[in-house]
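Here is the structure we will look at.
All values below were derived from every heavy atom in this structure, side-chain atoms included, with hydrogens, water molecules and symmetry-related copies excluded. Sequence positions, counted from 1, serve as the residue numbers for this chain.
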Amino acid sequence: MTLEEKCGQLACPIGFNFYGKDGDSLWLSDDFTAMMDTMPIGSCWAVLRADPWSRKTEETGLHPRESARLLNMMQRHAIENTRLGIPLLFCEETPHGHMAVGTTVFPTGIGQASTWNPELLEQMGEVMGKELRLQGAQVGYGPVLDIARDPRWSRVEETMGEDPYLAGVLGTAVVKGMQNHVCATLKHLAAYGIPQGGHNAATADVGPNRLMTEYLPAFERAVTFGGAKSVMTSYNTIDGVPCSANKWLLQDILRKSWNFNGVVFSDLNAVNAIYATQHVAADPAEAAALALKAGVDIDLGGYNYGGFLKEALQRGLVTETDIDRAVRHVLQLKFDLGLFDNPYVDEALAEQEVGTAESAWLTKQVALESAVLLKNDGVLPFGDHINKVAVIGPNADNQYNQLGDYTAPQAPDRIVTILEGIREKGRAEVLYAKGCAVRDENDADIEEAVRVAQQADAVVLVVGGSSARDFKTSYEETGAAIVSESISDMDCGEGYDRSTLKLLGKQEELMQRVYATGKPVVAVYIQGRPLDMNLANEQSNALLTLWYPGMEGGSALADILWGDYNPAGRLPISVPRSVGQIPVYYSQPATGDYVEESAKPLFPFGFGLSYTQFEYSDLQIEPAEAMSFQAGDVRLESMADTICKVTCTVKNIGEYDGDEVVQLYVRDEVASIGPASKLLKGFQRVHINKGESKQVVFCLTCRDLSVYSASLPCHSEAAGRKESMEGGWHFEHGAFTFMVGGSSENWAEIMARF
């Protein structure tokens, strides 16, 4: 390969302008063919993307058969019109479904995590990967495994919450499902979800012990147990080092410690940011050199590797060996995906098997299992006496407000809004009033909403936020939305960070006026981050969050309201009482209260109600047979070694069949590094019929009871600790408390020594 051909393999430019469309006609743009003539690229990103940033609508974007046709055309051009004929790698966004017209839109990541159901999410990953591959692409960007500890941050909706164990188990399930068809890309390495001030891409203030203990284990699990084939670096810096130039992170940890042998992508233009915004490099060539030597194989955006890597070589900033290493990773992935054998797809299959009724059923199931019931005084489920229901609020009948960020335009008849779902249920007469917008205070008719509420037997009040992009919004080169004075519904989604968590616009005024009618009110939050729920918690008769529930959200809520489905979602992230508590997460060491309020969140991690009740008993712990664990180093190969079993009995003592999410937490009573108050180490979502009991068994591994330290202090033998240890994961003898229950704040506990 020539140097230009090698550099081209490492560049992944934006692709949604690589084609033209007029009716049924498709053609390759001059931009694409010229690029393939001068420096043939190895991959491209978002060719099929449709949204306001790409300026592709449902009409001007590509439907599944057209997508397959276009990518076949691009592959054919690459193979037949370049010297080496190397097939292209097509990369697309798949955080909650492929971001293209005609695909299946699932709940966003925070909703997926609320299911606490890895088996269901593996099925979801299977559908996402299959739909992507049928259209001709091979790399899906997702799942997002950032640990989110600041709800002001605009991308909380994409994550699986605040806990590394939950995110790791669920993310691994998604990876396994996706990689039956495509390569899954873990996002974003690392510590992206704890930006200072809640600002997207701001620096992460974290040391090596907490980084390894809290912010990397989800990625490690997805690599080690899920076999993830690619990873994407994040925009932020850690201790002043850009993640895309962090050799310790990408080489020592990812490749050497975790045995990762796949491809590392930068995030879009993150390599150039090393120079342009982070000022760690003097020019684009130096930025390219820093990223390549750190371990970034593919420059998403392609600007630095495509334009300046050759200069970096000429200046002695990199060697050709550095370039060859990255090219080898890219070509190996293409071989593993079968692109050299058959890079083409069947266009008819794409039309038949993308966006099917079966996938719509699955997205409804994910929406059902993700719904979290936070309060219920008995108003739910609705009884036969509820003959007339008022559906009110800015998110009651707005399709895109319930889909979340990274969503393509979809045909209106494929999306069921809350209002439509309740109407289609047919169990009561339905009245409707919007009341107000999410943000625009001029778009309000609260008096109409009050009149509608007064006529009803019960009110479903649908409030919250929106990540719906519009064509009036401006976007950065990275695709993040730019906050402006123009008023849209958008209050969340990449680039829309918040300084408060209050409901915007006139939503709280609307809520106050509806509550004042005295009618039973079910408050429903459609949201991408935990918003202020104090008013709703105080005055609503019932309170749910659906997060962004996807295309079948309205159908799912209707089933829940009338008791055809018993909700069992659990919070994957704590809901704060106020911004002043942030960060507030369940594993924090215990603290005192504030002068103004409790230090505890309004709703804790793992919390969620049901229409039935569960009773826990017979909590026992049993050491593994012939257990011979010694204090000392814990390596990856021992992660699955069982050290003990924890069992309990759960009985459904209520009046409804239902699911319970049984959660196991562990606290190390004395550790070499200041221990967390508790850490999730196991969970099971189990279905129990009313009056029945089930025994739940958790098998804990040596790693589950280990501590990580970059440098361990010396401890005396009398304290039960090894005198000195090297940095890393270590099992230490001592006392552990095991807590089993229905949330991080409700459990029975037992102590054992090892």
Side-chain angles (χ1 to χ4, degrees), residues 108 110 146-159 161-163 191-206 214-215 236 372 374-375 394-395 405 438-439 441 463-467 480-481 483 489-512 523 525-540 543 545 547-548 571-607 677 744-745:
T108 55
I110 198 71
D146 303 307
I147 304 305
R149 298 276 172 84
D150 192 333
R152 296 173 299 174
W153 179 47
S154 55
R155 304 188 72 172
V156 168
E157 66 182 86
E158 300 175 47
T159 77
E162 71 183 45
D163 180 70
Y192 190 38
I194 53 167
Q196 287 186 348
H199 293 292
N200 187 43
T203 190
D205 188 9
V206 61
E214 302 177 44
Y215 301 108
N236 58 292
V372 185
L374 298 170
K375 178 184 178 181
N395 282 338
D405 203 1
V438 169
R439 292 179 58 197
E441 295 189 6
V463 296
S466 170
S467 295
V483 179
D489 269 353
M490 195 171 182
D491 78 326
C492 193
E494 186 175 359
Y496 269 62
D497 307 314
R498 294 280 307 272
S499 65
T500 76
L501 298 177
K502 290 186 175 297
L503 291 170
L504 296 178
K506 291 190 174 183
Q507 291 189 83
E508 288 213 354
E509 181 183 343
L510 173 67
M511 295 173 75
Q512 294 274 21
Y525 275 64
I526 305 294
Q527 57 184 351
R529 53 160 62 89
L531 291 169
D532 188 327
M533 293 183 170
N534 289 286
L535 176 61
N537 183 51
E538 292 166 5
Q539 298 198 34
S540 297
L543 172 61
T545 181
W547 304 110
Y548 292 136
L571 289 175
I573 188 169
S574 303
V575 177
R577 298 174 187 273
S578 69
V579 171
Q581 290 183 313
I582 296 171
V584 57
Y585 52 95
Y586 83 93
S587 57
Q588 286 174 301
T591 59
D593 287 336
Y594 296 102
V595 172
E596 301 93 338
E597 63 186 356
S598 167
K600 291 185 177 298
L602 183 65
F603 297 110
F605 174 84
F607 178 77
S677 62
S744 62
E745 294 294 335

Show your reasoning for whether side chain to side chain contact (heavy atoms under 4.5 Å, CB included) applies to L374 and N537.
CA-CA 8 Å; L374 298 170; N537 183 51; over 6 Å; no
Tell me whether the rings of W153 and Y192 are parallel (<30°), tilted (30 to 60°) or perpendicular (>60°).
perpendicular
Cationic N near anionic O, under 4.0 Å, R149 to E162:
no
Is there a donor-acceptor contact under 3.5 Å from the side chain of Q581 to the main chain of K600?
yes
If I compare all heavy atoms of R155 with all of E158, which pair ends up nearest, and what's the gap?
NE-OE2, 2.7 Å
Got a salt bridge between D491 and R439, using NZ or NE/NH1/NH2 to carboxylate O under 4.0 Å?
no
One pair to check against side chain to side chain contact (heavy atoms under 4.5 Å, CB included): L503 and L531. What are the steps and the verdict?
CA-CA 7 Å; L503 291 170; L531 291 169; 4.0 Å; yes
Any side-chain donor paired with an acceptor under 3.5 Å for Y496 and N200?
no
Evaluation steps, side chain to side chain contact (heavy atoms under 4.5 Å, CB included), between M533 and Q527:
CA-CA 11 Å; M533 293 183 170; Q527 57 184 351; 3.1 Å; yes
List the steps and the verdict of side chain to side chain contact (heavy atoms under 4.5 Å, CB included) for L602 and N534.
CA-CA 8 Å; L602 183 65; N534 289 286; 3.8 Å; yes
With no hydrogens and no angle check, is any side-chain donor or acceptor of Q507 less than 3.5 Å from a backbone partner on G464?
yes
Ignoring hydrogens and angles, tell me if any N or O in the side chain of Q512 forms a donor-acceptor pair with the backbone of E509 under 3.5 Å.
no
